[in-house]
Structures are given as structure tokens and as C-alpha cells.
Number of protein chains: 2
Amino acid sequence: MKIKKEVTIYDLAKELNYSPSTISRALNNHKSISKKTIKLIKDAAQEMGYRPNNLAAGLRNNKSNTIGVLISRINRPFMASLISGIEETARKEGYNVLISQSNDKYENEVSNCNALYDSRITGLIVSLSMETVDTAHFQKFVEQGIPIVFVDRVPENFNSYKVVIDNYTAGYTATKHLIEQGCTRIAHFAGAQHRNIYEERKKGYLDALRDSGLPILEELVVHFKTLSFEEGTKATKKLLKLDAPPDGIFSANDTAAVSAVMCAKKMGVEVPDQLAVIGFNDDPIASIMQPSLSTVSHPASKMGAISARRILNHSGHNYDSDLTEITVLGTEIIQRDSSMKKTKAPTV
Amino acid sequence: MKIKKEVTIYDLAKELNYSPSTISRALNNHKSISKKTIKLIKDAAQEMGYRPNNLAAGLRNNKSNTIGVLISRINRPFMASLISGIEETARKEGYNVLISQSNDKYENEVSNCNALYDSRITGLIVSLSMETVDTAHFQKFVEQGIPIVFVDRVPENFNSYKVVIDNYTAGYTATKHLIEQGCTRIAHFAGAQHRNIYEERKKGYLDALRDSGLPILEELVVHFKTLSFEEGTKATKKLLKLDAPPDGIFSANDTAAVSAVMCAKKMGVEVPDQLAVIGFNDDPIASIMQPSLSTVSHPASKMGAISARRILNHSGHNYDSDLTEITVLGTEIIQRDSSMKKTKAPTV
DNA sequence: TAAATTTACGCAATCGATTCCGTTATTTAT
DNA sequence: ATAAATAACGGAATCGATTGCGTAAATTTA
């Protein structure tokens with residue numbers, strides 16, 4: 001198989017009797033090239049099948065019009081939507097998107113981070129792995145003036161762009177919602193507390209209880225490692241076997257919430273009347289399962305779009321690594337069957 | 001903010017009194033460099049914080065150690081898993097993954113295709129958009145000897161690598177399963193018939209009916225445009241209002257199948273006893289919903305891994321554009337509640 | 001009409017890694 | 001001991017696009 005030779009600006013230059021400089025400038029609409037010449041060159045480029053070599057341009061400019069994305073896992077509804085939002089926004093501006101997943105391992109995060117760095121990405125969008133505590137591997141980007149946007153699972157001690165939701169308020173409101181449904185013994189499925197999003201959700205939960213004059217029952221606060229289905233099932237079983245089982249659960253994600261609903265049903269506990277459940281994320285499953293799952297909706301795609309926009313708008317800015325710019329998005333409580341009691345117990 | 005200067009092989013050369021050639025060779029374990037020198041250089045590189053510039057290497061070699069992925073949408077369970085499989089495999093070999101989504105628009109597919117081409121990807125993995133009929137935009141890759149792997153939604157008239165599942169057998173077996181459950185009036189939710197996967201699934205469905213001596217009822221075969229939830233609801237309503245409604249549905253995807261189950265429940269039709277339903281894909285939702293959805297499982301992540309492997313193994317091969325190499329993966333019927341009738345009707 | 005701009009373009013260096021040819025030492029074969 | 005082979009490395013061109021600086025011609029200004 002013969003490889004067809006690529007057309008370069010030098011070929012165009014020779015063909016049209018212009019210098020490569022002029023060709024390059026014309027293709028980039030440089031103002032010092034006359035409009036006629038630009039048209040002439042662009043038409044010829046089109047006809048000769050010229051295609052720019054991004055690698056060459058990238059080498060010269062030391063950047064690649066590429067946004068790097070570093071997340072835990074792609075096949076999670078939230079992450080997939082996030083990437084989708086990033087990709088759409090980036091591509092409109094002619095940027096490519098490089099993805100890599102850490103599978104929630106710190107080690108992978110570091111090596112992927114380095115690989116993205118070597119690819120001279122224009123900017124990096126990160127949602128931290130579950131394990132990550134140290135963030136030194138991101139420092140080299142700062143030193144190169146490459147913008148970093150942390151999304152959702154963000155570090156606390158790192159100045160950069162951040163795009164998050166108001167986890168505290170979401171946790172508070174979700175818990176309040178259960179209280180309004182008449183729950184008095186509300187359990188919480190808490191995520192790893194070194195990830196601030198989970199910490200905030202828990203704080204919101206605790207404050208909602210306090211503000212409503214409800215006691216905080218230590219045995220009803222379950223700390224999860226990964227908020228998986230299995231963990232959720234186990235926790236739910238244990239809770240429901242208590243002498244005084246909970247009458248409501250606020251789970252920090254939908255996966256665990258779903259497991260709680262299903263486990264309760266299996267154990268003959270009525271959802272929502274004996275146990276009201278609200279999750280977090282509004283995974284597709286939430287609206288389909290029976291009973292449908294109340295949850296907190298998370299504007300994933302929008303967060304992706306905003307993150308990408310941050311990177312795109314950054315170029316040219318001088319990077320102030322002492323500054324943190326946070327974008328906080330609102331969430332929405334989606335009230336579905338799993339939390340809407342038919343018979344409300346009297347409020348305390 | 002001062003930008004820290006990057007360390008290049010020239011810096012290393014100066015520092016160690018070697019030529020850039022030697023540095024380059026040492027870092028690539030070239031055999032004509034002594035082991036001692038290699039170790040010396042690598043240690044120094046490590047210490048000085050050297051990081052290779054992929055753009056420069058890519059320019060020189062005219063490739064970028066990057067696999068391009070072109071799919072319809074990222075936030076679909078199947079696609080997300082596919083990408084996940086690609087990414088994992090690629091990264092282990094030091095390859096990056098560029099993603100782009102067509103949103104099922106032909107126009108987007110073409111422009112994304114060109115963008116990936118310009119980025120000098122090592123290989124391309126594609127799942128065609130719903131609209132795509134013409135595949136001329138992929139031709140330039142062939143001309144450059146860049147391997148293309150079509151996955152799942154593949155073209156018929158294009159020689160290259162293909163990774164698919166046996167859609168015919170899957171459709172046949174799924175339909176057979178319904179027949180074994182006693183269904184005699186089985187409807188089919190068919191996808192766009194110019195996408196071969198949907199054509200094959202339908203063929204399997206038709207042949208299963210024939211082989212079982214069941215009549216093919218035209219009014220029970222519904223052709224969808226996108227197999228969306230809304231389309232599914234509409235189709236189900238219409239079917240159930242027929243004088244002789246179906247007692248089973250084989251849907252070409254889970255989304256439409258789910259909508260059928262829910263619609264039936266709303267209309268007071270018992271699933272599975274009055275209407276058995278089986279979907280396709282084994283989306284996460286299938287196992288969670290009630291009744292849980294029978295479906296055909298699709299090894300998405302594995303397909304991604306195999307596709308990536310095809311690209312990685314291709315390098316060096318001479319590309320025979322007259323050859324098509326197809327990898328066919330098996331599927332599995334997952335029998336869940338939505339199709340397991342308690343009371344089997346007598347078989348015809 | 002001479003001087004000052006402006007317009008439109010060319011020259012050549014540059015980005016960093018790779019690789020085809022050499023060129024010395026050093027070892028092996030005869 | 002001398003020719004032949006091998007090991008270990010250097011020189012310099014190359015990939016394709018970009019851009020600071022320079023220049024000739026065209027236009028405007030005084």
C-alpha cells in the first residue's frame with residue numbers, strides 16, 4: 001500500500017509562488033496578507049487537499065489545542081455526561097479532548113497526569129480519584145502556566161479554577177426534605193470524608209437535623225469507602241436490623257440509595273412509608289426504578305461545559321497561582337416516590 | 001508568573017557532554033548505546049526533570065501515539081464502557097485517547113473525523129452515527145496507512161478492521177427465548193435498518209419466528225428512528241391498543257424496552273404474564289428496574305479493549321486495504337423477570 | 001514632488017526529537 | 001601482528017508550521 005504524500009504549506013508555496021510564511025499567514029487570516037491573496041491561497045489549499053499538521057504547529061507554539069481530562073471512571077453516568085459537556089464545548093472551538101481514567105487509584109492519577117503533561121495539553125480538567133490526598137503531581141502544570149480546572153471532587157489546598165456544586169446546601173435540603181416528610185430517624189450514607197464533596201454533604205445533613213431539633217444518632221451515620229451497591233446493601237441490612245431502625249436515608253450517591261431501596265423491599269420494609277430514601281446525582285436509573293428514586297440532580301454536562309470554557313478563556317491570561325476561582329452551581333431536589341410518604345408522621 | 005523552562009535532550013546533552021543523538025538513543029534504549037551510558041543518561045534525565053515532548057517526536061515520526069475515538073454519544077452506558085475499555089488498553093501501552101462525539105449527526109462525524117486526522121492519530125476507532133451512509137470521509141486514513149477499527153455500528157462496504165457482536169444470533173436467540181416462554185404474537189422494536197446491527201437483529205427475529213412456525217405479523221414490527229424512550233412509549237401504546245395486541249416484545253435496545261415495560265404497567269398490562277419483554281445491551285438499569293429487564297448482554301468494555309489492541313498491533317504491518325478482518329464476539333441472553341412468565345401459554 | 005507611511009510579502013531561525021551516515025576506538029579473526 | 005568486524009557515539013538534516021525582522025512597492029501626507 002503506497003502512502004499518499006501529505007500536502008504541506010511548502011507544497012502550496014511552490015505551487016503558488018509564494019513563500020511558506022505567506023501561506024501560513026494567509027491560512028491564519030493574518031492581517032498583513034491581502035484579502036485576494038488569502039482567498040487565492042485558501043482556495044488552492046482546499047483544492048490540493050491541504051490539511052494542517054497540528055503536531056508541527058503544536059511543537060512551534062508549545063501547545064496542542066488539546067484539553068486533557070483526568071477522571072476516576074468514564075462509565076459512570078455523571079462522568080460520561082461531564083465529558084460529553086467538555087467535548088461539545090471544546091470541539092466547537094477546534095480543541096481536542098484527551099481522556100484518561102484513574103479508576104480511583106492515586107498511582108494511576110499520577111502517571112496519567114504525567115502522560116497528559118507530556119502531550120502538551122492546553123489545559124487540564126480533573127476530578128480527583130477517591131484515594132488522592134497529595135496533589136503535588138499537578139504542580140508542574142502551574143509552573144508551566146497551564147490552567148487546571150478541578151471539577152466536583154476538588155482539593156482544598158490547591159489554588160486554581162474549581163467548578164463544584166453547593167454540596168452543603170444540597171445535603172441540607174435533601175435532609176430537610178426527608179424531615180418534612182415526617183422522618184425523625186434519618187440515616188446518612190456518607191462518602192469518604194477526605195473528599196470534600198462528601199464532607200459537605202454530611203455537614204448539610206447534620207445541620208439540617210440540628211436546625212430541626214432532631215437528635216444526631218451516631219449509629220445512623222454510616223461511612224462508606226466507595227458508595228458501591230454492595231456496600232449499600234450491607235449497610236442497609238445492618239440499619240434495618242437495629243432495635244430502632246431509621247425511617248429515612250439520605251445517601252451521598254444514587255448507587256447506594258438504589259441498593260437501600262432494593263434491600264428494604266427484599267426485607268419487607270415499605271419504601272417510602274417505613275423508610276424514605278433520597279439519593280444524589282439523578283442517575284438515569286433513578287427515574288425508572290420502582291419506586292422511583294428521589295435524588296439531588298447534578299448538572300453534569302453543564303459542569304463539563306463550564307470547565308472547558310474556563311480553559312478556553314484562560315489562554316493569554318497571566319496565570320495567578322495564588323488565586324482560586326470557584327464556580328458554584330446550584331442543585332435541585334427531585335422528589336420522586338422513594339421519599340414521598342402517603343401518611344406523614346407528626347413532626348417533632 | 002514565570003514559566004519554568006522545560007528540560008530538553010539538548011540540555012541533557014550539554015550537561016553530560018554527549019550529543020543529542022546519544023541522549024535520544026539512550027532514552028529509547030537503542031542497542032548501539034552502552035548500558036552504562038544509558039543508565040547514566042536516564043538517571044540524569046530523571047534528576048533534571050526531563051520530560052519528552054510528544055509533539056516533537058510526533059512531528060518527526062508523523063504520528064502521535066494517540067488513538068482517536070469517534071462515537072455517537074459518550075453518555076450512553078454502552079459507549080462509556082466501550083471507551084473505558086479502549087482507554088485502559090491504550091494507556092497500558094503508553095497511548096493517549098482522543099474522543100469526539102457525533103451526536104449521531106453525519107455532518108459532525110465528518111468534521112470530527114477530519115479533526116482527528118489533522119491530529120495525526122495512530123489509529124481510529126469508530127462507531128458510526130445513526131445517519132451515516134456515505135463513508136468517504138474515512139478514505140484518507142486508508143491512504144495514509146492509518147488503521148481504522150469499526151465497532152458495533154459498522155459500514156458494510158468498507159474494508160478494514162471490524163469488531164462486532166453476532167447480532168443475528170442474538171436476535172434469533174432473544175426471540176426464541178420469548179417463544180419458549182409461550183409468546184405467539186411477538187412484536188419487534190427495530191432500529192434504523194441501514195445500520196446493519198439493527199438489520200441483523202431483525203433478521204434473527206424473523207427467522208426465529210419462521211423456524212418456530214409462527215406467523216410474521218407486519219403490524220407488530222415497529223421501525224424506530226432512534227430507539228428512544230419517547231418513541232418506545234408511543235409504539236407500546238399503539239401496540240397495546242390493537243385488537244390483537246402482542247404478548248411479547250423484542251426490542252433492539254434497552255431504552256425502548258424499558259419504556260415498553262413502564263408503559264405497559266401504566267396501562268394495566270401485566271409484565272411478563274400478559275406481555276413479556278426482552279431488550280438489548282444490558283444497561284445498568286436493566287437489573288435494577290422492576291420487573292428486572294431481560295436483555296442481551298453486550299461485552300462493551302471488551303469490544304473496546306479488542307479494538308484498541310487491533311490498532312496497537314497494527315503498527316509496522318503493511319496495510320492491505322482490500323482486506324477486512326472481523327472480530328465477532330458472542331452475546332449472552334440475560335433472563336430476568338420481564339420475560340419469565342409464571343404461567344406459560346401452550347405453544348402453538 | 002519629496003518624505004513618510006502603509007501594505008504585502010520573503011528570509012531564516014526556531015520548536016525538540018529522530019535517524020541516516022559517518023568516524024573513532026576496541027575487540028575478534030586469521 | 002594485521003585485517004576485519006564490532007561497539008559506541010557524533011554531525012547534521014529533517015519533520016511542518018510559526019514569527020520577528022527586513023524590504024520593496026504602493027499609497028498618503030506635507
Side-chain angles (χ1 to χ4, degrees), chain A residues 3-42 44-45 48-66 94 117-120 122 144-145 315, chain B residues 3-42 44-45 48-66 94 117-120 122 144-145 315:
Chain A
I3 304 282
K4 209 193 207 173
K5 190 78 173 56
E6 281 286 277
V7 179
T8 72
I9 57 170
Y10 293 95
D11 300 326
L12 284 171
K14 206 160 285 175
E15 184 72 19
L16 301 176
N17 275 329
Y18 277 112
S19 76
S21 335
T22 301
I23 305 290
S24 171
R25 292 190 178 105
L27 293 172
N28 290 305
N29 295 314
H30 195 284
K31 58 184 169 227
S32 80
I33 307 293
S34 73
K35 286 145 195 37
K36 301 160 220 162
T37 310
I38 290 185
K39 179 162 171 36
L40 182 83
I41 291 178
K42 282 194 172 176
M48 292 177 62
Y50 169 79
R51 301 246 92 218
N53 187 322
N54 288 341
L55 294 175
L59 170 59
R60 175 61 218 236
N61 301 326
N62 198 35
K63 61 164 196 161
S64 60
N65 270 39
T66 296
Y117 179 80
D118 293 347
S119 296
R120 274 21 182 206
T122 307
Q144 290 297 318
S315 64
Chain B
I3 305 282
K4 210 194 210 169
K5 190 77 175 55
E6 282 285 278
V7 179
T8 72
I9 57 170
Y10 295 94
D11 299 327
L12 285 171
K14 206 160 285 176
E15 184 72 20
L16 303 175
N17 275 329
Y18 278 112
S19 76
S21 337
T22 302
I23 304 291
S24 172
R25 292 191 179 104
L27 293 173
N28 291 306
N29 293 315
H30 193 285
K31 58 183 169 227
S32 78
I33 306 294
S34 74
K35 287 143 190 48
K36 301 161 219 160
T37 310
I38 290 185
K39 180 163 171 32
L40 183 83
I41 291 179
K42 283 194 171 176
M48 290 176 63
Y50 168 79
R51 301 247 94 217
N53 186 324
N54 288 341
L55 294 174
L59 170 61
R60 177 61 220 239
N61 300 327
N62 198 37
K63 61 164 196 161
S64 60
N65 269 42
T66 297
Y117 179 79
D118 293 348
S119 296
R120 268 40 180 191
T122 307
Q144 291 297 317
S315 64

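In the text below, chain A, chain B and the rest are named by the order of the sequence lines, each starting its count at 1. Small disclaimer: the values here were computed from a predicted structure and weren't measured.
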Starting at the 5' end of DNA chain C, which residue's closest nucleotide do you reach first, B:Tyr10 or A:Ile23? A:Ile23
CG of B:Asn17 to CD of B:Glu15: how many Å apart, nearest 0.5 Å? 9.0 Å
Which is true for B:Asn17 with a 4.0 Å heavy-atom rule: it touches a base, it touches only sugar-phosphate, or it touches nothing? sugar-phosphate
Take atom OH of A:Tyr117 and atom P of C:dG16, then tell me their distance rounded to the nearest Å. 11 Å
Minimum-distance nucleotide to B:Ala56 side chain [options: C:dG16, D:dT19, D:dG10]: C:dG16
Tell me, do B:Leu59 and A:Asn53 make a side-chain contact under 4.5 Å, heavy atoms counted? yes
Counting only side-chain heavy atoms from C-beta out, which of C:dC20, D:dA17, C:dA17 sits nearest to B:Asn53? C:dA17
Going by heavy atoms in the side chains, are B:Lys42 and B:Asn29 under 4.5 Å from each other? yes
How many whole angstroms separate atom CG of B:Leu59 from atom C1' of C:dC15? 9 Å
For the side chain of B:Arg60, counting heavy atoms from C-beta on, which of D:dT14, C:dG10, D:dG11 is nearest? D:dT14
Quick check: do B:Asn54 and B:Asn65 have side-chain heavy atoms less than 4.5 Å from each other? no
Nucleotide C:dT18, atom P - distance to NZ of B:Lys31 in whole Å: 16 Å
4.5 Å side-chain heavy-atom contact, B:Glu6 and A:Gln144: yes
As a test of reading the structure: which of D:dT19, C:dA17, D:dG16 is closest to the side chain of B:Tyr50, going by heavy atoms? C:dA17
Look at the side chain of B:Ser21 and the base of D:dG11, then say whether one donor and one acceptor between them are separated by less than 3.5 Å. yes
Rounded to whole angstroms, how far apart are CD1 on B:Ile9 and C1' on C:dT18? 8 Å
Scan residues 32-42 of chain B against DNA chain C and write down, sorted by residue number, each residue with any heavy atom closer than 4.0 Å; if none is found, say none. none
Let's see if you can work this out: which of C:dC9, D:dT19, D:dG10 has an atom nearest to the side-chain heavy atoms of A:Thr22? C:dC9
Run the side chain to side chain contact (heavy atoms under 4.5 Å, CB included) check on A:Tyr18 and A:Leu12 step by step: do they pass? CA-CA 8 Å; A:Tyr18 277 112; A:Leu12 284 171; over 6 Å; no
A:Asn29 CG to D:dA17 C1', in whole Å, measures 16 Å
Given B:Ser24 and B:Ser21, is the side-chain hydrogen bond (donor to acceptor under 3.5 Å, both in side chains) satisfied, shown in steps? CA-CA 5 Å; B:Ser24 172; B:Ser21 337; over 6 Å; no
When you check the phosphate oxygens OP1 and OP2 of C:dT19, does a side-chain N or O of B:Asn61 lie under 4.0 Å from one of them? yes
Could you give the CG-to-P distance, from B:Leu16 to D:dA8, as a whole number of Å? 18 Å
Could you pick out which residue, A:Arg25 or A:Arg51, lies toward the 5' side of DNA chain D when each is mapped onto its nearest nucleotide? A:Arg51
In whole angstrom, what separates A:Leu12's CG from D:dG16's C1'? 12 Å
Any chance you could measure A:Leu16, atom CG, to A:Asp11, atom CG, to the nearest 0.5 Å? 10.5 Å
Below 4.0 angstrom from OP1 or OP2 of D:dG10, is there any side-chain N or O of B:Tyr18? no
Using OP1 and OP2 only, check whether a side-chain N or O of A:Thr8 sits under 4.0 Å from D:dG16. no
Spacing of B:Asn28 atom CG relative to C:dC20 atom P, expressed in whole Å: 13 Å
What does B:Asn54 touch in the nucleic acid at a heavy-atom separation under 4.0 angstrom: a base, only the sugar-phosphate, or nothing? nothing
